[in-house]
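Have a look at the structure below, then the notes.
Scope of the values below: all heavy atoms of this structure, side chains included, with no hydrogens, waters or symmetry mates.
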Amino acid sequence: MVIKTDELPAAAPADSAREHGSQAGSKGRPGAAEPPSVMLLNGDYPENMKKEEVIEPPRENGLDEGEPGDETTGQEVIVIQDTGFSVKILAPGIEPFSLQVSPQEMVQEIHQVLMDREDTCHRTCFSLHLDGNMLDHFSELRSVEGLQEGSVLRVVEEPYTVREARIHVRHVRDLLKSLDPSDAFNGVDCNSLSFLSVFTDGDLGDSGKRKKGLEMDPIDCTPPEYILPGSRERPLCPLQPQNRDWKPLQCLKVLTMSGWNPPPGNRKMHGDLMYLFVITAEDRQVSITASTRGFYLNQSTAYHFNPKPASPRFLSHSLVELLNQISPTFKKNFAVLQKKRVQRHPFERIATPFQVYSWTAPQAEHAMDCVRAEDAYTSRLGYEEHIPGQTRDWNEELQTTRELPRKNLPERLLRERAIFKVHSDFTAAATRGAMAVIDGNVMAINPSEETKMQMFIWNNIFFSLGFDVRDHYKDFGGDVAAYVAPTNDLNGVRTYNAVDVEGLYTLGTVVVDYRGYRVTAQSIIPGILERDQEQSVIYGSIDFGKTVVSHPRYLELLERTSRPLKILRHRVLNDRDEEVELCSSVECKGIIGNDGRHYILDLLRTFPPDLNFLPVAGEELPEECSRAGFPRAHRHKLCCLRQELVDAFVEHRYLLFMKLAALQLMQQKASKVENPTSLENGDLPSSESKHEDPLGSEAGNEEGSSTSGLAKVKELAETIASDDSTDPRSREVIHNACKAVGSISSTAFDIRFNPDIFSPGVRFPESCQDEVQDQKQLLKDAAAFLLSCQIPGLVKDCTDHAVLPMDGATLAEVMRQRGINMRYLGKVLDLVLRSPARDQLDHIYKIGIGELITRSAKHIFKTYLQGVELSGLSAAISHFLNCFLSSYPNPVAHLPADELVSKKRNKRRKNRPPGAADNTAWAVMTPQELWKNICQEAKNYFDFNLECDAVDQAVETYGLQKITLLREISLKTGIQILLKEYSFDSRHKPAFTEEDVLNIFPVVKHVNPKASDAFHFFQSGQAKVQQGFLKEGCELINEALNLFNNVYGAMHVEICACLRLLARLHYIMGDYAEALSNQQKAVLMSERVMGIEHPNTIQEYMHLALYCFASSQLSTALSLLYRARYLMLLVFGEDHPEMALLDNNIGLVLHGVMEYDLSLRFLENALAVSTKYHGPKALKVALSHHLVARVYESKAEFRSALQHEKEGYTIYKTQLGEDHEKTKESSEYLKCLTQQAVALQRTMNEIYRNGSSANIPALKFTAPSMASVLEQLNVINGILFIPLSQKDLENLKAEVARRHQLQEASKNRDKTEEPMATESEPARAPEDVGSQPQAAKDPSSQSLQG
C-alpha cells in the first residue's frame, strides 16, 4: 500500500536494516535483514481506498511550491521494498552458503556479490543455474520462476572468450591491488584516500575495543609536540600517516601481457585466447595460456614461442587457482590479502562519484601493471567492454535519461539515478579527454589552423579551448571573456537542468582547467557537424544581437522556465529593424538536432548583468554603489549576478511589497470599518498571484526567520488577493505596491529581469522604452542590494559566528550562498576592516587575505604555465612555488635541456600541441616580481591594497601560514607535491626542487544532478527535529538516506550530511552504538568525497570523538581529537573560533583521564580564543572559565579555581540575572570551592602548628566522574538532554496509549463513514503519536538538539 510519511508504523524504523547500501562493494544492495512491514502492491485495490491512503501530510519548508507540471513531487512516499528472502549458493570447491537477496535485484547483482566475497572472489566467468536452467544476467529476481526462500543456485563455470579472459585478468589485478593506495594518490578510477582507520585501529564497532578505554593506566595521552597549543611548527608528513596495510604483501613480482599476443591462427583454432607472462615471488618466470577452458602453463620463453602445455599440466578455470598451484608465496599472501580486503570498511573502497585529487603524496614505487599500461592507450574507459557498440553516444545517453517518466516516486528515483550515473561517467570521460587534448594526444578536426583555434573530438565529446578564436568576444573583453564564458555557460546549463522543463534540452557540459588552459567539453548535438551554424540556429543570435531570430516552440518552452528563473519575455530589434520576441538573452541559441530535440546552448548570460562591474556611459548608479567606488571597469563584460542574489533580491522585494500593501490596507480598513466585505467570495485575480516565491524555504530557514512571520505574510497575501476582486480601492493599493517594487504585473507581485539590458549591440523597439527604463532601474537596485544588504549581512553572520568558514573554499561557499561573487572579496574585506567588531572577525580577515593572495597568484600562474613546454613542467612549477613561498632570496630555475643533449634542434613546427611553447620566459621570474604582480592583481581584480612585497612580509603583516598558502594554491591549480617537510624559511636554499612536484591534476567544474525527493525528505526531517519530534525526524531522515542511496549510490556529500544528522539523533536518543556506526560512515565518506583535510572532515572527526568518549573508548576519542586539531592547524592555524570548541573537547577528555596539566594547556587556550572571538562578557567565555576552574579544583589549586569561577559567575550575573539557574549553579559551585579551600587551609595550618605529629583528616581529591565529563562535553557541543522524572514518564505513556486508541477508533470510523476522502480538504489525517510535542520524544530519554 502507499503510505504517507507520518504514518510509517513506528515498528519499521524506515528500513535501517539496509546498511545504507554498501555491503557489497560499489552497488548499494538492500540486504533486507528483517522483512519490512510495508509492501508496495502495484495499485491493485479499489479506487476509493487508494484515494484515502494518499492524503498528504502538511508539508514543511514550502515544498508546495512545485513547478507547474511537477505537482506530484513529495506527494507520496512509497516504501519500495518487497520482503527479502535468502537463497543457497553452491560454488565449486567451497561449502554452500546462504545469501540474503531482495526481489528487485538483478541476477547480475548476485554476480557482483560473488566476485566480492572472500571465498569466491577469483571467479568472473560463470553463470547461475536454478534447477538446471541458466538465469539471464539482466532479469530481476522477482521475474525468475520458481525462485523463492531457500532455493539453491548453482555456480556453473562458463567457457572464456577473449573479452571474458581480459575481464578476468583485470579482476585478478584489481584484487592484487585492492589495498594499494597508488590509484588514490594518482587520482584515477575514482579512488580517494581515507585515514580514519589509522586513528581508530580498525573498526569502531568491535566488541574487543570496549575494554580498552576503561582501565586508565595504559592510555598515553601526550600528543606530539606540534599539536600542543602555542606550537609554531606545522609539519606536513602527519597529513598522510603511513597505513600499515599499505606495505603490500607481494603476491607476484610481475603479471603482464606476453609479447606473443595475439595467438597465431593455428593456435586460435586450438582455443588459445591470449598469453600472459608472470614472474612469481620466488623468481620463477612462467608463460601462461588463457584458453576457452581456462588457464594453463605453456613452454614459451621470452625469445622462443612454444604453446605446448608445460608441467605441471594443470588446467584451472581461475587464474588465481593456477597461481596458487605454482607459487606457495602467492597462495599464502593472496589469502591474507583477501582477508584484509574484506575486513576494510566498505566505504574505504567504494568508488566515489567524481574524482577527488590529493595535493600531497608520498614517494611511491612505480610498479609494472599490465592493465594500467593497456588502459593508457585506449580511448575506452575501464569496464566499457561491457557496453555493446563501440564508444558511448554521450548526447543520446544524457538526453534519454532526461526523457524517462517521472510521475511517481519509483519512476523519479529511476530517472534521477540514471541522470546521475550518466553525468558522473560523462564527467570522467570529459576530464580524461581534456587532459589528452592539452597533452597533445588528440588530433584536431581543423589541424591546419593555429593552435589556439583548434577544436577536437574524442570519444564522442567535443572539446574547445578557452580562447577568443574568431573575435567572437571582441566587444566583451577578448580572451579574458572567452575564458570566463564557459563557466558562465556551465552555470546556465546547471540552472536550466534544475528547472527541468520537459522538451527543452541542454548539452552535457564540463569545464576543465589543466596546465594553464581552459577546455570546454560538450556532448555533440546530432547533425550539427554536417551543417553550418547559420543554418541550424532557429532561435537567438549568433552574432551578439545583430541578426536575431525567434521560434514559437522555443518561446513556449522557455516561457515555462521564465518564472523560476525570473527572466522577462521581451522584444529586441534585429539588423532589419524588425521586432523579435525572446524569452532569454540574445546569445542563447536554439538548435533542433537531427533527433528532433530542441536544444539550447550558449547560456552564458542566463542571469542579469552586474552593473557594479559594467560602467555604461550616461548611466548613474544608486548612491550606495557610487559610495563604494562603483561602477568599476572589469576585465570583461560578462559579469553576471548570481542566481542566489536574484532570488534573495526578489524575496527582499516581496517582503517590501507586503509591507507597503499591508500599510495601505490598514489605513483603508480603518477608514471603512463601516462596510466590511466578505472575504470568502474573493477569487485570485490572476494565475500569477499565487506567489510562487514568498519568503521561501531556503532563505527563510537559513536566516532562522520564525515560521509565524512567514505565516503572517502568507495570510496577508491571501487577504490582499481576496480583497482584490471586490474593491477597486484595494486594487489600487496592489497597483501602487506593484509599481513601487518594480513588479512587471500591476495586479500581482512578479519581478523578472531582462538579461539583454546593457548588452552591447542589442537594441530595443521604441514602444518598449518605458519597460526598458524600469528594467534598468531594477538592475541598478539589484546591484545596490548586493552592496547594502548581502555583504553587510554576510559580515554580520560572521560576527555572530552563524557561519564559520575555515579555509578559502568554505569562505567562497558562504559568499556564494548569499549571491556574492568572488570579485567582491576586496569589498568584503574592506567592510571587515571597518567593522566595530574587527577583532571578532580576525579569522575571516585572515582567510580572506589568504584567498585573495592565492587567487591572484592563480591568475598569474595560469598564464605562466601556458608558456611552459611539457619537459619543463616540474622545473617551472617548483620555480613558481619558490618565488611564491620560499624565503630564499634568488631562486634559479633549472632549464630542462640539462639532462640530455639532442643532436640537432628541429625547426619550429606549426602544429604543436597547445602546451608546447618553446620559450623559457618563465625561468626569469623572481620573487620580487611575482609578489609585485600579486599585489597589482589584487588591486586590479579585487580592488584591494595588499601591503607586502614578499612572502615573509605577507606572513608577518596578516598572520598567515606558508603551509596554508601552499595548500590553497595547490588545490586551486591542481598541483601535487611530495609529502615531506619543506623548509620555507631557509635563506640558504630554495624550499622546492623539481623532484618535489609529483603531478599536475585537472580542476574540473561540472553539473551536480540532485536527488530531489530525497532532499525534500531530508529537509522535512530537519524541520521535524527542530520542532522537537525526534522520532519522526529520525524516520524521515532514514527514508531520505534510502532515497539518496537509491540515486547517488553509496558515496555522496549529501549522504554524508544525512549520516551526520542521524548519528546525532541516535546519540541524543541514547543509542550510542548506532551513533558511532553512522558517524564513522560520515567521517569515512567526508574523507573520501570532500578530502582528508576539508573543514567538513575536521568537524566529522570531532563528532566521532564525542560518540567514542560516550562509548568509553577514551584513547580513540583522544587520537581523533588530536587528528582534528592537527588538520585545523594545517588548514588555518590556531586562532579560530572553532579551535576553542576543539580545545575544550580535548581539555575535557584529558581532565577525565586525570591528565590535569595537559588539560589546562588546552582549556586555557580555549578560554583565550573564546574571549577574543566572543568578547569577554559572552556566555561561552563563562562556561570556559568554569571548565578551567574544575581542573584547578581537581589539582587542589583552589585559589586559581575560585578566581576563574568568580569570573564566570560575574558574566552569568550580568548576562542572565541573579535568578537564572546558571547563575545559581555557579554560585553554589563557588561556595563548594570556598569550603574546600578553607578545609585545605586548616589542614595546612595544622601541619605548621603541630609539625609531623599533626592529626590530618584525609583530604578528598576525586577524579571527575566520566558522567560529569560527558555532561560537560554535551553542553559545549550544543547537545542538551532534558531529564524526566519517573512520574512524567508514566503520564506520558498513558497519554500515548490513550491517543493511540482514539486514533484507531477514528480510523475505523472514517473507513465506515466516508469511503471517499477528497483531496481538497486535508481529510482530518488521523494524528500520529508524533504530532504533539510532548508525545514526540522517545520517552526513555527526553532530549533536544541544542
Side-chain angles (χ1 to χ4, degrees), residues 26 167 170 183 186-192 351-357 371-402 417-445 454-466 486-487 489-490 493-494 497 505-515 517-526 528-529 599 601 913 974 1000-1009 1048-1049 1051-1052:
S26 55
I167 287 177
R170 181 181 283 273
D183 279 356
N186 295 331
V188 290
D189 293 346
C190 288
N191 285 319
S192 58
T352 59
F354 300 104
Q355 184 65 56
V356 177
Y357 299 101
V371 176
R372 183 191 62 218
E374 186 184 22
D375 279 358
Y377 297 107
T378 60
S379 68
R380 332 245 329 252
L381 302 164
Y383 268 110
E384 276 177 18
E385 273 90 359
H386 283 321
I387 297 167
Q390 275 305 298
T391 46
R392 294 170 69 167
D393 182 344
W394 293 108
N395 191 66
E396 191 52 36
E397 287 191 43
L398 287 161
Q399 313 310 348
T400 325
T401 50
R402 290 223 160 262
R417 180 188 195 158
I419 289 175
F420 185 75
K421 183 77 188 97
V422 173
H423 261 97
S424 68
D425 288 358
F426 176 69
T427 304
T431 307
R432 196 172 153 180
M435 292 168 71
V437 163
I438 297 298
D439 290 338
N441 304 337
V442 180
M443 176 84 178
I445 50 177
Q454 290 179 350
M455 293 172 264
F456 305 83
I457 289 180
W458 179 88
N459 202 350
N460 274 332
I461 306 174
F462 173 78
F463 296 93
S464 54
L465 300 170
T487 43
D489 181 37
L490 179 67
V493 171
R494 201 174 272 148
N497 279 354
Y505 298 91
T506 55
L507 302 184
T509 309
V510 174
V511 179
V512 180
D513 291 321
Y514 178 60
R515 284 181 49 194
Y517 294 91
R518 174 158 284 178
V519 186
T520 312
Q522 290 170 312
S523 61
I524 301 171
I525 298 180
I528 187 145
L529 297 169
Y599 293 92
L601 51 153
I1000 184 158
F1001 290 125
V1003 176
V1004 185
K1005 300 180 176 66
H1006 54 83
V1007 177
N1008 257 323
Y1048 296 141
M1051 281 268 154
H1052 195 272

What closest approach, in Å, do [X] and [Y] show between heavy atoms, and which atom pair accounts for it?
{"X": "L507", "Y": "Q399", "result": "CA-NE2, 4.5 Å"}
{"X": "D513", "Y": "R518", "result": "OD1-NE, 2.8 Å"}
{"X": "Y357", "Y": "G187", "result": "CE2-O, 3.6 Å"}
{"X": "A429", "Y": "W458", "result": "O-CZ3, 3.3 Å"}
{"X": "M435", "Y": "P1002", "result": "SD-CG, 3.6 Å"}
{"X": "G508", "Y": "L398", "result": "CA-CD1, 3.6 Å"}

Got a sec, which residues hit side-chain hydrogen bond (donor to acceptor under 3.5 Å, both in side chains) with [X], two or more places apart in sequence or on another chain?
{"X": "Y514", "value": "D439"}
{"X": "S523", "value": "N395"}
{"X": "Y1048", "value": "E1054"}

Which residues satisfy the side-chain contact (heavy atoms from CB on, under 4.5 Å) test with [X], sequence neighbours excluded?
{"X": "V356", "result": "S192"}
{"X": "A521", "result": "A430, I461, F463, V510"}
{"X": "N497", "result": "R402, H423, V493, T506, V1007"}
{"X": "I445", "result": "M455, I457, F462"}

If you round to the nearest 0.5 Å, how far is OG1 of T352 from CG of N191?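 Answer rounded to 0.5 Å: 7.5 Å.
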Find the distance between CD1 (I524) and CD (Q522) and round it off to the nearest 0.5 Å.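 Spacing of CD1 (I524) from CD (Q522) equals 9.5 Å.
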Considering residues at least two apart in sequence or located in another chain, which fulfil the salt bridge (charged side-chain N to carboxylate O under 4.0 Å, His left out) criterion with D183?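 By the salt bridge (charged side-chain N to carboxylate O under 4.0 Å, His left out) rule, D183 matches K177.
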With D489 via salt bridge (charged side-chain N to carboxylate O under 4.0 Å, His left out) - residues at least two apart: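 Listed in chain order: nothing, the list is empty.
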Could you work out, with ring-ring contact (aromatic ring centres under 6.0 Å, His included) as the rule, every residue matching F426, not counting sequence neighbours?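 F426 satisfies ring-ring contact (aromatic ring centres under 6.0 Å, His included) with W394 only.
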Does V512 form a side chain to side chain contact (heavy atoms under 4.5 Å, CB included) with V437? I'd like the steps, not just the answer. CA-CA 11 Å; V512 180; V437 163; over 6 Å; no
Are the side chains of N1008 and F354 in contact, using a 4.5 Å heavy-atom criterion?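 F354 reaches N1008 side chain to side chain.
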Side chains of V519 and L465: closer than 4.5 Å at any heavy-atom pair?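 Of all side-chain heavy-atom pairs linking L465 with V519, at least one is under 4.5 Å.
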Donor-acceptor contact below 3.5 Å, side chain R494 vs main chain H1006: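 Yes; judged by distance alone, with no hydrogens or angles, the pair exists.
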Evaluate the side chain to side chain contact (heavy atoms under 4.5 Å, CB included) criterion for residues Q355 and V1004: first the C-alpha distance (whole Å), next the side-chain angles of each, then the deciding distance (0.1 Å), finally the verdict. CA-CA 9 Å; Q355 184 65 56; V1004 185; over 6 Å; no
Over 12 non-hydrogen atoms of neighbours within 6.0 angstrom of NZ in K421: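 No, because the 6.0 Å sphere around NZ of K421 holds 12 heavy atoms or fewer from other groups.
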In sequence, state the C-alpha distance, the side-chain angles, and the governing distance for D425 and R392, and then conclude on side chain to side chain contact (heavy atoms under 4.5 Å, CB included). CA-CA 10 Å; D425 288 358; R392 294 170 69 167; 3.1 Å; yes
